[in-house]
Amino acid sequence: MKTLTIVQKNHPGLLAEVATVMETANIPVEDFSGQVVGDTAVISLTVKPFEEAFRLLSEKGYRIVTSDHLLIRLEAQPGALAELSRRLAEAQVDVRAMHIVNKDEKAGIVALETADYERARAVLKNILVLE
């Protein structure tokens, strides 16, 4: 099964809102985990059917990253992205894409797409949002 990761401004009841969307559509949640980074909630859901859940949550306005990315927490400071890029290059991790999916004055969350997720996880284990 695939995992959907929701990156959204944190507020009381966010998980209840997401769970209700799944319940209303009769989509079972097989697994979930969550974390708060600054004022941003990161909720990962393992669901089936993946495509229907993605569509429903997207229609409700949730920002979603699929499981083909690693989510990385970067401090909001000059050179943080350059340091991340150097760490990956030194470990011979080929970066296919990076996207800033959220940021505030303290930190940002970057979605990383690579050909070698295992190596990238090992290199970045101390800054991964969800393992």
Could you tell me whether Y62 atom OH has more than 12 heavy atoms of other residues or ligands within 6.0 Å of it? yes
Give a yes or no on this: more than 12 heavy atoms of other residues, nucleotides or ligands lie within 6.0 Å of atom CD of Q77. yes
Indicate the atoms forming the closest heavy-atom contact of [X] with [Y], along with that distance.
X: F32; Y: V29; value: CB-CG1, 4.2 Å
X: A53; Y: M22; value: CB-SD, 3.9 Å
X: L56; Y: A25; value: CD1-CB, 3.2 Å
X: E75; Y: A80; value: O-CB, 3.4 Å

Quick one: are [X] and [Y] in side-chain contact, heavy atoms under 4.5 Å?
X: H99; Y: H69; value: yes
X: I100; Y: V110; value: yes
X: T40; Y: V7; value: yes
X: V37; Y: K106; value: no
X: M98; Y: L84; value: yes

Salt bridge check: are [X] and [Y] linked by an N-O gap of less than 4.0 Å?
X: E83; Y: R86; result: yes
X: E105; Y: K103; result: no
X: R55; Y: E51; result: no

Between L124 and L88, is a side chain to side chain contact (heavy atoms under 4.5 Å, CB included) present by the stated rule, with each step listed? CA-CA 8 Å; L124 304 172; L88 293 165; 3.7 Å; yes
Side chain of R87, backbone of V123: donor and acceptor closer than 3.5 Å? yes
Ignoring hydrogens and geometry, is there a side-chain-to-backbone donor-acceptor pair from R73 to V129 under 3.5 Å? no
Co-membership, hydrophobic cluster, residues L81 and I127, 4.5 Å side-chain: yes
Starting from L14, can I reach V36 by hopping between I/L/V/M/F/W/Y residues whose side chains sit under 4.5 Å apart? no
d(H11 NE2, E17 CD) to nearest 0.5 Å is 3.5 Å
What's the spacing between I109 CD1 and L128 CG if we round to 0.5 Å? 12.0 Å
Verdict with reasoning, V101 to R63, per side chain to side chain contact (heavy atoms under 4.5 Å, CB included): CA-CA 8 Å; V101 295; R63 291 189 315 210; 5.9 Å; no
Could you please spell out the steps behind the side chain to side chain contact (heavy atoms under 4.5 Å, CB included) verdict for V65 and V42? CA-CA 10 Å; V65 179; V42 180; over 6 Å; no
Only residue of I43, T5, L4 satisfying side-chain contact (heavy atoms from CB on, under 4.5 Å) with I64 is L4
